[in-house]
Amino acid sequence: MKRILIVGGVAGGASAAARARRLSETAEIVMFERGEFVSFANCGLPYHIGGDIQDRSALLLQTPQSFKRRFNVDVRVFHDVIDIDKAGKTLLVRNLLTGEERCESYDQLLLSPGAAPIRPPFPGIDSPGVHTLRNIPDMDRILAALQRDDPRHVTVVGGGFIGLEMMEALHQRKLDVTLLELSDQVMAPVDREMANMLHARIREEGIDLRLRTGLSAIERQDGQPAQAASTGLRLTLSDGTRLDTDLLILAIGVKPETLLAAKAGLELGPRGGIKVDAGMRTSDPFIYAVGDAVEETDFVTGESVLIPLAGPANRQGRIAADNMLGRAETYKKTQGTAICKLFDLAVASTGLNEKRLLQLGLPFEKAYVHPGSHAGYYPGAHPVSLKLLFAPDGKIYGAQAIGKDGVDKRIDVLAVAQRAGLTVFDLQDLELTYAPPFGSAKDVINMAGFVASNHLKGDTLICHAAEVQARHPHQQVLDVRNGPELDKLGRIPDALHIPLDELRGRLDELPRDKELLISCQVGLRGHVACRLLSQHGFKVKNLSGGFKTWQMAVME
């Protein structure tokens, strides 16, 4: 009988335990968890704090008792694994309730320790009122502080997934919120011009968003009366200013929990995570590792990356269980496909962003489209702003999208297309569901494929906001929108204006010694103008995504 020990639950460890039992009724499976909760929905924690998920028990997916009943897995909570003896194939485990230590033998060992929130060594980092959010006890402490201290102002540090979700949850509780982000944008997986749409939406809600501003020190406010309800923190920020707040949420990021693995002599990867092969084996053939603690392989570049997402962790747990029980399965790399809710918007991405492509020095092209989420004549359609990144041969590098509706399915389609090895030329031909309440006869995905393919074929070359901003004397911007649009929506400085429907009759007003950079609102009329003008001998490029993308790019 094979004895499988699992260190850590939640996505990776719990998935591995359930899969192992489905494959073998005879294996002995024991799971050790240092905390109280073995399987919970950590992605749902901010939504319970904000009140969207009202029942706390809904976050508890499995208990030790339910695991035992359904899967005959021996789950031991409040048990901390403190040492691994690789040669003897044993663990030293401490019962945190009794202090007792004992050795446990294994035939196969799975490590799923996860990742811990980053807590930089700022002065005052351990002050009362400073919180992180990673598990159920963290959530409970935040809720208790909100109830006990009755704060009026909360500061969130970090504009990633957890930071944005906590910002929204606290705003939803009618608190004044300041969001600090050290970089020049929130939501690092998307590029700056896309993130600018999020910045505008955050500020619309009255949230104090401070970009390029980090945290330097924390201290308790002086002179507070003993009966003061709030914790009263005074923050020193990276720009030298001070900020008084009642509660502080650190959402700076996470780091892989590798102390146990490193102590055991398991090999770590270049980014500090546990190194595993495609079968999720560590440098010891009897020890596997999954989840946020391991380094994964990027789908596009093949390099080692740390991508702490629940989907990959679940799949890795399943693969590790298969291989521990004699199968030969491999993990097929990570694309980093993810989505985040921000008030009434969704922002999603897959693959590489432009920042990373520039760092890698890979040649790439990009295209923007802003079609409706479904047919415009059916009520409730909203724009989907999509950025597609691709190689000169049409290979899909990545995509980003923002909008109120239909963002998830477009990024999901592109994630599948990328994994399947499709190119931007294939996107034109994808047959996607259409009825007026759900989509358009030419879907957002098809439209992105048209724009990218037209550019690569040379039918309509595209340019971007940076080229328009830094245009040379031999270039001239031509805006083909209607007059009222310019008055209402704004215009690019020094642009000529001829409405598209008047263009054929006014060709003599255009300079033939200059390259024309054509702008409309979202790029569609610009494409029509480019085709018209190129056949009349003009040298032209279409501003991809039109004036809307230009606004996104120049917005502060």
Side-chain angles (χ1 to χ4, degrees), residues 43-44 46-47 50-54 161 164-165 167-169 171-172 186-187 190 193-207 337-350 367-388 399-417 427-428 430-451 481-482 484-485 488-490 520-528 544-552 555:
C43 295
Y47 299 106
D52 298 294
I53 300 172
Q54 296 191 359
F161 291 93
L164 292 180
E165 289 164 357
M167 173 201 72
E168 181 175 353
H171 177 73
Q172 202 161 293
V186 301
M187 193 51 63
V190 304
E193 75 279 13
M194 302 295 284
N196 280 341
M197 297 179 67
L198 305 179
H199 301 158
R201 188 69 189 88
I202 291 168
R203 289 173 173 134
E204 281 177 9
E205 290 291 327
I207 288 166
T337 308
I339 190 168
C340 182
K341 174 183 175 294
L342 182 71
F343 303 111
D344 55 351
L345 293 179
V347 52
S349 63
T350 191
Y368 301 86
V369 294
H370 305 279
S373 54
H374 59 250
Y377 57 83
Y378 187 89
H382 298 283
V384 175
S385 294
L386 187 143
K387 178 179 184 178
L388 180 64
Q400 305 157 32
I402 296 176
K404 293 184 178 182
D405 180 47
V407 166
D408 52 345
K409 72 176 181 177
R410 272 62 187 223
I411 290 297
D412 285 343
V413 168
L414 287 170
V416 173
L427 300 181
Q428 304 173 98
L430 292 185
E431 188 174 332
L432 305 172
T433 56
Y434 164 57
F438 304 104
S440 300
K442 290 184 288 190
D443 189 77
V444 178
I445 300 295
N446 302 131
M447 295 297 292
F450 294 149
V451 173
R481 293 177 295 167
N482 297 323
E485 290 179 87
K488 179 180 179 181
L489 302 173
C520 64
Q521 186 59 28
V522 295
L524 181 57
R525 284 172 290 175
H527 167 65
V528 175
S544 185
F547 182 76
K548 182 169 183 176
T549 300
W550 183 83
Q551 276 189 312
M552 290 161 52
M555 186 187 304

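Residue Gln54 qualifies as open at atom CD: its count of foreign heavy atoms under 6.0 Å is 12 or below.
Shortest non-hydrogen contact noted between Gly376 and Ala381 is CA-CB, 4.2 Å. The shortest non-hydrogen separation linking Ala348 to Val407 is CB-CG1, 3.7 Å. Residue Ile445 comes nearest to Leu432 through the heavy atom pair CB-CD1, 3.9 Å, listed as atom of the first residue, atom of the second, then distance. Between Phe438 and Lys409, the shortest heavy-atom distance links the atoms O-NZ, 2.8 Å. Residues Tyr434 and Ser440 share a closest heavy-atom pair of CD1-C, 3.3 Å. The two residues Ala399 and Leu388 have their closest heavy-atom pair at CB-CD1, 4.3 Å.
Among residue pairs with one or both ends in residues 370-379, none qualify as salt bridge (charged side-chain N to carboxylate O under 4.0 Å, His left out); sequence neighbours excluded.
Asn482 is listed as a side-chain neighbour of Arg525, based on a closest heavy-atom distance under 4.5 Å. The shortest distance between side-chain heavy atoms of Val413 and Leu430 falls below 4.5 Å. Considering only heavy atoms from C-beta on, Val186 stays 4.5 Å or farther from Leu342 through its side chain. Between Asp344 and Arg201 the shortest side-chain heavy-atom distance falls below 4.5 Å. The shortest side-chain heavy-atom distance between Asp412 and Ile339 does not fall under the 4.5 Å cut-off. Taking 4.5 Å as the limit, every side-chain heavy atom of Met194 sits out of range of all side-chain heavy atoms of Ser349. With contacts defined as side-chain heavy-atom distances shorter than 4.5 Å, the pair Asp443/Arg410 qualifies. Between Glu485 and Phe547, the closest side-chain pair of non-hydrogen atoms is not below 4.5 Å.
From Met447, atom CE reaches atom NE2 of His527 across 8.5 Å, with rounding to the nearest 0.5 Å. To the nearest 0.5 Å, the span separating CE on Met555 from CE on Met552 amounts to 7.5 Å. One finds the CG atom of Asn196 at 11.0 Å from the CD atom of Gln551 (value rounded to the nearest 0.5 Å). Atom CG of Leu345 is separated from atom CE of Met197 by 6.5 Å, given to the nearest 0.5 angstrom. Atom OG1 of Thr337 sits about 9.5 Å away from atom CG of Leu414, to the nearest 0.5 Å.
Here Glu431 pairs with nothing under the salt bridge (Lys or Arg N to Asp or Glu O under 4.0 Å) rule; sequence neighbours left out. Taking Pro379 as the reference, nothing meets the side-chain contact (heavy atoms from CB on, under 4.5 Å) condition, with sequence neighbours excluded. Residues passing the ring-ring contact (aromatic ring centres under 6.0 Å, His included) test with Tyr378, sequence neighbours excluded: His374. Considering only residues two or more places apart in sequence or on other chains, Glu168 meets the side-chain contact (heavy atoms from CB on, under 4.5 Å) condition with Gln172, Lys341, Phe343. Under the side chain to side chain donor-acceptor pair (under 3.5 Å) criterion, His370 pairs with Ser385, Thr549, sequence neighbours left out.
Judged by distance alone, the side chain of Ser373 and the main-chain N or O of His382 form a donor-acceptor pair under 3.5 Å.
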